[in-house]
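Numbering of residues begins at 1 and proceeds along the displayed sequence. Excluded from the calculations below are hydrogen atoms, water molecules and symmetry mates; all remaining heavy atoms, backbone and side chain alike, are included.
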Amino acid sequence: MSLLYQKQNQEIRPGVHLIQDVNASNSPMKYTAVKVLALDANASYDETLGAFEAGIVVLTGKVTVTADQQRFEGIGQRQSVFDKIPTDSVYVGTGLPFSVTAQTAAKILIAYSPTTTSFPVRLLKGDIHQIEHRGKYQNKRLVQNILPDDLPFADKLLLVEVYTDSGNWSSYPPHRHDHDNLPTESLLEEIYYHEMQPKQGFVFQRVYTDDHSLDETMTVQNQDVVIVPKGYHPVGVPDGYDSYYLNIMAGPTRVWHFHNAPEHAWIIDRK
Ligand SMILES: O=C[C@H](O)[C@@H](O)[C@H](O)CC(=O)O
């Protein structure tokens, strides 16, 4: 089973280019799915959700989103994800139609999780993001929480952006969240949408389980997706390149409690 989905570039509507489309029909993921779309200026994408909730993240550019008689004009805070400015997102509840119209050339990520529980449509402005500086030595990373578990605005979805600069590691020391064993550990699938700067860069990501029945190390390139149905999932960033990824997480309970690999937990305790 390959966990790596390389970028596409398929014009699915006039001015709407599909970069990624990972879901239950082409992956083992049950709780999470993702689309990444590049929209030409003035292009529009619309969709009516089935029994899914969705988080629409404005990765770059400015768009107008309409959903459930609400209209959010001119949202989006950055020209590149590497501007490291928290961007705007819109949460759309189960079964609702929505549309996205690009005011400038834009890139959006639509994260999905199956549910029939309704939550209200909501604009998640970038300035509400909780920012974290995690790690030390060579595992420093900047975390911009978009829809963390302490914001009760969704049934299942958790969304977070992570920046890992040149020569650093993130999602490290390795941790997993694939056991439904609260309060110690929650069961969350995870999807990584990756970007690199400069674009020709790559990162290494390993996804592996304690018994190594799953153990895949991948070379990940710009706009690739990696799925983490289970297991530990560290990311290493080569010298000279900076990494961005957006994480989609979801599972039976909307809480992020993870378990560090015991043999590597000492990494955290270094002075
Ligand atoms: O489980 C969460 C994901 O692995 C990342 O969001 C990770 O937590 C990012 C990090 O802390 O390095």
Side-chain angles (χ1 to χ4, degrees), residues 2-7 19-20 34 36 57 59-60 77-87 107 109 126 129-146 148 158-178 188 190-210 212 214-228 230-249 256 258-271:
S2 176
L3 305 179
L4 178 67
Y5 293 74
Q6 293 180 327
K7 68 173 282 190
I19 296 172
Q20 289 286 357
V34 66
V36 178
V57 181
L59 294 172
T60 60
Q77 297 298 334
R78 60 199 185 194
Q79 287 312 307
S80 161
V81 296
F82 289 98
D83 293 347
K84 294 188 180 178
I85 302 166
T87 192
K107 197 165 38 183
L109 178 142
H129 289 195
Q130 300 155 24
I131 309 297
E132 298 175 57
H133 294 273
R134 291 182 190 159
K136 50 193 164 187
Y137 299 102
Q138 279 68 50
N139 77 346
K140 292 189 278 294
R141 63 274 194 197
L142 167 66
V143 177
Q144 295 183 166
N145 289 284
I146 299 173
L158 295 165
L159 298 173
V160 59
E161 299 179 306
V162 181
Y163 294 91
T164 312
D165 289 345
S166 166
N168 280 269
W169 289 75
S170 59
S171 300
Y172 187 81
H175 65 256
R176 68 172 203 222
H177 34 73
D178 61 8
L188 296 170
E190 186 160 17
I191 292 179
Y192 279 68
Y193 167 69
H194 287 268
E195 291 201 11
M196 280 103 214
Q197 177 177 258
K199 291 188 188 315
Q200 72 272 23
F202 60 85
V203 299
F204 294 121
Q205 185 161 22
R206 181 185 180 194
V207 180
Y208 68 101
T209 51
D210 289 292
H212 300 284
L214 173 64
D215 195 339
E216 193 171 327
T217 299
M218 294 154 274
T219 302
V220 184
Q221 302 191 78
N222 190 50
Q223 299 188 316
D224 285 353
V225 156
V226 171
I227 62 170
V228 185
K230 57 185 175 180
Y232 303 95
H233 38 278
V235 174
V237 183
D239 180 35
Y241 291 91
D242 293 332
S243 154
Y244 165 91
Y245 51 76
L246 187 146
N247 292 137
I248 304 164
M249 291 185 276
W256 180 51
F258 56 89
H259 166 80
N260 287 313
E263 71 274 29
H264 301 303
W266 64 271
I267 291 276
I268 296 168
D269 301 328
R270 290 174 295 174
K271 295 293 171 252

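The side-chain heavy atoms of Q197 and Y244, taken from C-beta on, include no pair separated by under 4.5 Å. Between Q223 and Y5 there is no side-chain heavy-atom pair separated by less than 4.5 Å. L142 is listed as a side-chain neighbour of H133, based on a closest heavy-atom distance under 4.5 Å. Taking 4.5 Å as the limit, some side-chain heavy atom of H177 sits within range of a side-chain heavy atom of H233.
Here E161 pairs with R78 under the salt bridge (charged side-chain N to carboxylate O under 4.0 Å, His left out) rule; sequence neighbours left out. The ring pair (Phe, Tyr, Trp, His ring centres under 6.0 Å) check on H212 picks up Y208, with sequence neighbours excluded. With sequence neighbours excluded, the residues satisfying side-chain contact (heavy atoms from CB on, under 4.5 Å) with K140 are N168. Residues meeting the side-chain contact (heavy atoms from CB on, under 4.5 Å) test with N222, sequence neighbours left out: E195, M196, K199. Every residue was checked against the ring pair (Phe, Tyr, Trp, His ring centres under 6.0 Å) condition with H129, not counting sequence neighbours, and none meets it. When the side-chain contact (heavy atoms from CB on, under 4.5 Å) test is applied to Q200, the partners found at least two apart in sequence or on another chain are P198, Y241. Checked against ring pair (Phe, Tyr, Trp, His ring centres under 6.0 Å), F204 has the following partners two or more places apart in sequence or in another chain: F202. Residues forming a ring pair (Phe, Tyr, Trp, His ring centres under 6.0 Å) with F258 (at least two apart in sequence, or on another chain): H175, W256. Evaluation of the side-chain contact (heavy atoms from CB on, under 4.5 Å) rule for E216 yields S2, L3, M218 as partners, not counting sequence neighbours. Remark: D165 engages K84 in a salt bridge (charged side-chain N to carboxylate O under 4.0 Å, His left out) (not counting sequence neighbours). For the salt bridge (charged side-chain N to carboxylate O under 4.0 Å, His left out) test, no residue two or more places apart in sequence or in another chain qualifies with K230.
Atom-to-atom distance recorded for I146:CD1 and L159:CG is 5.5 Å, nearest 0.5 angstrom. In this structure, OG1 on T60 lies 12.0 Å from CD1 on I85, to the nearest 0.5 angstrom. Atoms CG and CD1, on L109 and I19 in that order, are 9.5 Å from each other to the nearest 0.5 Å. Here NZ of K7 is found 10.0 Å from CD of Q221. Values are rounded to the nearest 0.5 Å. For the atom pair CD (Q144) and CD1 (I131), the distance works out to 4.0 Å, reported to the nearest 0.5 Å. Here CG of D224 is found 9.5 Å from OH of Y193. Values are rounded to the nearest 0.5 Å.
Smallest separation of non-hydrogen atoms from G231 and T209: CA-CG2, 4.1 Å. Heavy-atom minimum distance, V237 versus V203: CG2-CG1, 4.0 Å. Residues P234 and P174 come closest through the heavy atom pair CG-CG, 4.0 Å. Heavy atoms only, all atoms of each residue included: P148 and L158 are closest at C-CD2, 3.7 Å.
Formation of a donor-acceptor pair under 3.5 Å by the T164 side chain with backbone atoms of R141 is not found in this model. Judged by distance alone, with hydrogens and angles left aside, the side-chain atoms of N139 form no donor-acceptor pair with the main-chain N or O of S170 at under 3.5 Å. The backbone N or O of L59 lies less than 3.5 Å from no partner atom in the side chain of T87, so there is not a single donor-acceptor pair.
Legend: salt bridge (Lys or Arg N to Asp or Glu O under 4.0 Å) pairs involving residues 168-177, not counting sequence neighbours, sorted by first then second residue: R176-D178, R176-E185, R176-D210.
Of the residues listed (V235, V162, V225, L246), the one engaging Y192 in a side-chain contact (heavy atoms from CB on, under 4.5 Å) is V235, and it is the only one.
More than 12 heavy atoms of other residues, nucleotides or ligands sit less than 6.0 Å from atom CD of Q130.
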Does N260 form a side-chain contact (heavy atoms from CB on, under 4.5 Å) with H264? I'd like the steps, not just the answer. CA-CA 7 Å; N260 287 313; H264 301 303; over 6 Å; no

One pair to check against side-chain contact (heavy atoms from CB on, under 4.5 Å): V160 and M249. What are the steps and the verdict? CA-CA 9 Å; V160 59; M249 291 185 276; 4.3 Å; yes

